[in-house]
Structure formats: C-alpha cells, structure tokens
Amino acid sequence: MKKILFVAFAATLLTAGCQKPEIINQVPGDAMTFSTGMSKLTKADNTGDLTTLKAQDFSVWAYYAADDQHTAADDKWKVYDKIANVKVSDGDGGKWGTTEQYYWPGVGKELIFFAVSADTKTIGETTFGTDGTENTTSKVKISDDRTSLAIENFEVNNEAPYVDLMIADVVQQHQGDKVVDLNFHHALAKVEFLFKTITNEDNLTVTVNSLTVADVKTKGTFSTVQSTKTKSGDDAGEGTTGDDTTGGGTTTTYSGTQTEVGFHWTGQDVAKPFSVKNTDAPASFVLTDEYQTYSTWMVIPQGISTTKVTVNYTIGEKDFNSIFDLYTKDLTEWQPNQYIAYRITL
C-alpha cells in the first residue's frame with residue numbers, strides 16, 4: 001500500500017513541474033538592434049539620403065565568427081539563430097527592427113553580418129526545415145568562408161529602372177558594441193537626364209516627348225572581392241570606402257580591423273533598347289530656361305564608349321530627333337556608386 005501511494009505522489013510532483021518550466025540557459029542582454037548609414041554618391045553633392053533604403057528595407061545575414069565551446073565544435077561560419085535573409089524594416093522614430101527579436105550568443109562571442117537592399121525578386125525568401133536545413137530562393141550568395149558576397153543575374157527593369165541595389169559594409173562584432181551599425185553603398189550607377197531651353201524670338205514651346213538609349217546592358221553578376229587594404233586600431237571605426245579600379249567599394253570590420261573590398265560586375269548581358277518616358281511629370285514635358293529632371297535611372301555599371309541617346313522633342317508643332325553621345329573624354333563608363341547628370345539644352 002505504501003508503495004502505491006509513493007508512486008502516485010511522485011507523478012503529482014512531475015505534473016506540477018511541467019506547468020511551470022524553469023529556464024536555466026536564458027540569453028542575457030538586450031535584443032539585437034540595427035542602425036544604418038548611407039555612403040555619399042561619388043562625383044555628386046549628395047549627403048547620403050536614406051529615403052530609398054527606407055522605402056526598400058533590407059535583409060540581413062548573421063554567422064558565427066568562431067566555434068562556441070559550449071555548443072557543437074563546428075559553429076564557425078554557420079548561420080546564427082536562423083538569421084539568414086531576415087527582413088529589417090524602418091519603424092517609428094527611424095528605428096530599424098525585425099518582426100521577431102534576436103539575441104546575441106553571449107559575452108565576447110562575435111558574429112559576422114552581411115546586409116543587402118534590393119527588389120523582392122533578388123532578395124527572395126529563406127526558410128529553415130525542422131532539421132535546420134536552409135531553403136532559399138534568394139539570389140544573394142555568401143561565400144563559405146564568409147568574406148565575400150555575390151548576386152548572380154541581377155537585373156534592372158529597363159521599363160522601370162528605379163530599384164537600387166545597396167550593399168552594406170560587412171561587420172564583425174559582439175554584443176559589447178550593442179547596435180549593429182550598417183553603412184550601405186550603392187552597387188549601381190545613378191544616371192539623371194535634365195533639360196532646359198533658351199528663350200527664342202518666336203516664343204515657341206519646346207517639349208520633350210521621349211528619351212531612348214539603344215544599347216544598355218540590364219543584367220549582370222555582382223560580387224565583392226577583398227583587397228589587401230586594411231585599417232586597424234582607433235581608426236577602424238571611421239569607415240572608409242574602397243577605391244578599387246572598377247569603382248565603388250565597401251569596408252569590412254573585423255574586431256577593430258577594416259579590410260576594403262571592391263565592387264565588381266561581370267557577365268553583363270547583350271545590350272538592349274532602354275526607353276524611359278517621364279512618368280512623374282505631365283505627359284507634356286515643357287522646357288523652361290532652368291534645368292528640370294526628366295528621368296532618373298539606376299543602371300548596371302558598364303562601358304559607354306559607343307553609347308548614344310536619342311531625344312524626341314517638339315518645337316512649336318514640329319517634331320525632331322537629336323542624337324547625343326553619353327560618353328566624354330573623361331567619362332567612358334558608368335561605375336558603381338557613381339552619379340552622372342546629363343544636362344541637355346534644346
């Protein structure tokens with residue numbers, strides 16, 4: 001009889017214990033947070049406006065920088081806490097955040113962060129199976145040694161070339177730095193067309209109807225390639241932009257050491273017609289004696305040594321086509337993180 005009562009009493013204790021679990025390995029510290037900056041466009045008076053970045057949001061990837069002695073022996077380079085292609089959005093008060101909260105792995109344990117802002121087609125989706133298997137439709141691919149990033153077949157919509165591709169500096173840090181500070185760079189070139197006219201005796205109206213470039217490449221493969229340039233010590237926090245011969249550049253931060261990497265584009269497709277009408281202004285784009293923006297494009301970096309633009313415009317009631325070179329002696333290619341303004345007088 002005593003034996004039966006003892007077993008029943010033990011079962012009661014077990015049931016009570018299941019109702020109030022005790023967390024014995026709770027991760028200390030605040031939730032992971034992000035802040036952003038925007039590098040200046042080269043060759044332009046641009047202060048690094050975050051408007052486009054806020055409109056597009058961005059995705060972040062986080063990896064273990066080293067093995068964790070308290071877990072498996074092969075943590076290094078693995079995705080941390082399923083932070084792979086996790087969307088980070090701009091919220092109230094300019095604070096960036098994720099739908100779910102993520103916490104650091106512990107004191108002194110560093111993570112490597114990559115971040116990309118682009119269109120939905122490029123970013124894709126990433127999910128994890130019950131066994132931890134990663135499944136992704138994202139075009140963003142990060143090297144196995146977590147030093148570089150590539151995007152195959154990135155494509156600009158030649159009918160609506162407004163999506164930007166922005167790549168953040170690669171950051172390695174631990175929770176002691178609290179906020180993951182991401183500084184983004186433009187991987188594309190920004191091309192803007194502005195028009196004005198001159199006063200004429202007959203007071204004729206000058207109107208731009210369309211603008212067409214016959215041979216713009218709209219698809220290519222993007223990659224970051226590490227160079228030998230490094231910064232360390234107290235200067236490491238300043239942030240620098242690479243001046244690789246192909247233009248652009250980003251900075252990798254490794255525990256007080258920054259290693260610059262260049263932006264590279266390869267495998268651009270065969271050029272195709274690129275025709276854009278001004279969609280933000282009235283159909284009749286009437287010129288004045290002050291420059292007005294007709295259209296702004298984001299384009300794949302490429303050579304333009306033979307590239308020409310055709311402008312169809314009307315003076316009075318007569319239509320004209322004028323063909324202009326887009327290259328000059330000092331400008332033979334559109335480079336990453338470069339702003340080019342074409343000012344045309346008709």
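In this chain, numbering begins with 1 at the start of the sequence shown. Given the structure is predicted, the values throughout are model-derived calculations rather than measurements.
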- Passes side-chain contact (heavy atoms from CB on, under 4.5 Å), F113 versus M32? Steps please. CA-CA 12 Å; F113 294 89; M32 196 178 292; 3.7 Å; yes
Derivation of the side-chain contact (heavy atoms from CB on, under 4.5 Å) call for E134 and T126 = CA-CA 7 Å; E134 182 179 346; T126 301; 3.7 Å; yes
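- Contacts classified as salt bridge (Lys or Arg N to Asp or Glu O under 4.0 Å) and involving residues 111-120 (residues at least two apart or in different chains) are not found.
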Practice problem: Would you sort out whether T296 and Y162 count as a side-chain hydrogen bond (donor to acceptor under 3.5 Å, both in side chains), showing the intermediate values? | Solution: CA-CA 8 Å; T296 302; Y162 313 124; over 6 Å; no
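- Grouping the Ile, Leu, Val, Met, Phe, Trp and Tyr side chains by contacts below 4.5 angstrom, directly or via other members, places V286 apart from F320.
- In this structure, the side chain of Q172 does not engage the main chain of A65 through any donor-acceptor pair within 3.5 Å.
- Remark: the backbone N or O of N153 is paired with a side-chain donor or acceptor of K139 at under 3.5 angstrom.
- Partners of F34 under the ring-ring contact (aromatic ring centres under 6.0 Å, His included) rule, at least two apart in sequence or in another chain, do not exist in this structure.
- Rounding to the nearest 0.5 Å gives a distance of 10.5 Å between CD of Q56 and NZ of K87.
- By the rule that hydrophobic residues join a cluster once side-chain heavy atoms approach within less than 4.5 Å of another member, F195 and Y342 end up as members of one cluster.
- Within 6.0 Å of NZ on K141 lie more than 12 heavy atoms contributed by other residues, nucleotides or ligands.
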Q | Stepwise side-chain contact (heavy atoms from CB on, under 4.5 Å) check, L194 with Y294 | A | CA-CA 5 Å; L194 305 95; Y294 178 75; over 6 Å; no
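- For the pair A187 and P301, the tightest heavy-atom approach, listed with the atom from each and the gap, is O-CG, 3.5 Å.
- Hydrophobic clustering (side-chain heavy atoms under 4.5 Å, transitive across Ile, Leu, Val, Met, Phe, Trp, Tyr) groups I83 together with L111.
- Note that the OG1 atom of T147 and the CZ atom of F114 stand 7.0 Å from one another [nearest 0.5 Å].
- Residues K219 and I300 fail the side-chain proximity criterion, which asks for heavy atoms closer than 4.5 Å.
- Residues meeting the ring-ring contact (aromatic ring centres under 6.0 Å, His included) test with Y327, sequence neighbours left out: none.
- Scored by the side-chain contact (heavy atoms from CB on, under 4.5 Å) test, T307 finds V213, D215, I304, L326 as partners (sequence neighbours excluded).
- You'll find the side chain of V116 reaches within 4.5 Å of the side chain of L165, heavy atoms only.
- Considering OG of S89 and NZ of K54, their distance stands at 12.5 Å, rounded to 0.5 Å.
- A continuous path of Ile, Leu, Val, Met, Phe, Trp and Tyr side chains, each step under 4.5 Å between heavy atoms, connects Y102 with W104, placing both in one hydrophobic cluster.
- Residues T122 and I151 share a closest heavy-atom pair of CG2-CG2, 3.9 Å.
- Residues satisfying the side-chain hydrogen bond (donor to acceptor under 3.5 Å, both in side chains) test with T127, not counting sequence neighbours, are none.
- For T133, the side-chain contact (heavy atoms from CB on, under 4.5 Å) partners at least two apart in sequence or on another chain are D131, N135.
- Remark: A189 pairs with V299, W334, I340 by the side-chain contact (heavy atoms from CB on, under 4.5 Å) rule, at least two apart or across chains.
- Judged purely by atom type and a 3.5 angstrom limit, N312 has no side-chain atom pairing as donor or acceptor with the backbone of N321.
- Checking side-chain atoms of W265 against main-chain N and O of L188 turns up no donor-acceptor pair under 3.5 Å.
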Quiz prompt | Worked verdict on V79 versus F128 for side-chain contact (heavy atoms from CB on, under 4.5 Å) | solution = CA-CA 11 Å; V79 175; F128 290 85; 4.0 Å; yes
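- A donor-acceptor pair is defined here as one N or O able to donate and one able to accept, closer than 3.5 Å; such a pair exists between the side chain of T137 and the backbone of E125.
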request  = Using the side-chain hydrogen bond (donor to acceptor under 3.5 Å, both in side chains) rule, take S143 and D145 through it: C-alpha gap first, then chi angles, then the decisive distance, then the call.
outcome  = CA-CA 5 Å; S143 64; D145 61 0; 2.7 Å; yes
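- No side-chain heavy atom of W77 sits less than 4.5 Å from a side-chain heavy atom of Y63.
- When hydrophobic clusters are built by joining Ile, Leu, Val, Met, Phe, Trp and Tyr residues whose side-chain heavy atoms come closer than 4.5 Å, directly or via intermediates, F222 is not grouped with V163.
- The salt bridge (Lys or Arg N to Asp or Glu O under 4.0 Å) test applied to K196 returns no partner, not counting sequence neighbours.
- Using a 4.5 Å heavy-atom threshold, the side chains of M298 and K190 count as touching.
- Remark: the backbone N or O of L53 is not paired with any side-chain donor or acceptor of S117 at under 3.5 angstrom.
- Side chain of N85 to backbone of S59: no donor-acceptor contact under 3.5 angstrom is found.
- Checking side-chain atoms of T197 against main-chain N and O of T288 turns up no donor-acceptor pair under 3.5 Å.
- Side-chain contact between Q175 and V107: present, with at least one pair of heavy atoms (C-beta onward) separated by less than 4.5 Å.
- Judged as a ring-ring contact (aromatic ring centres under 6.0 Å, His included), and not counting sequence neighbours, F324 has no contacts.
- Looking at F193 and W297, their side chains come closer than 4.5 Å, going by heavy atoms from C-beta outward.
- A donor and an acceptor atom, one from each side chain of Q101 and Y103, are located under 3.5 Å apart.
- Residues forming a side-chain contact (heavy atoms from CB on, under 4.5 Å) with T33 (at least two apart in sequence, or on another chain): V179.
- With sequence neighbours excluded, the residues satisfying ring-ring contact (aromatic ring centres under 6.0 Å, His included) with F58 are W96, F184.
- Listed by first then second residue, pairs satisfying salt bridge (Lys or Arg N to Asp or Glu O under 4.0 Å) with a partner in residues 290-309 read K308-D325, not counting sequence neighbours.
- Considering only heavy atoms from C-beta on, F285 comes within 4.5 Å of Q292 through its side chain.
- The NZ atom of K76 sits 11.5 Å away from the CZ atom of R146 when rounded to the nearest 0.5 Å.
- Rounded to the nearest 0.5 angstrom, I323 CD1 and T310 OG1 are separated by 4.0 Å.
- Within the model, atoms CZ of R343 and OG1 of T293 stand 8.5 Å from one another, a figure rounded to the nearest 0.5 Å.
- Smallest separation of non-hydrogen atoms from E152 and T221: CA-OG1, 3.8 Å.
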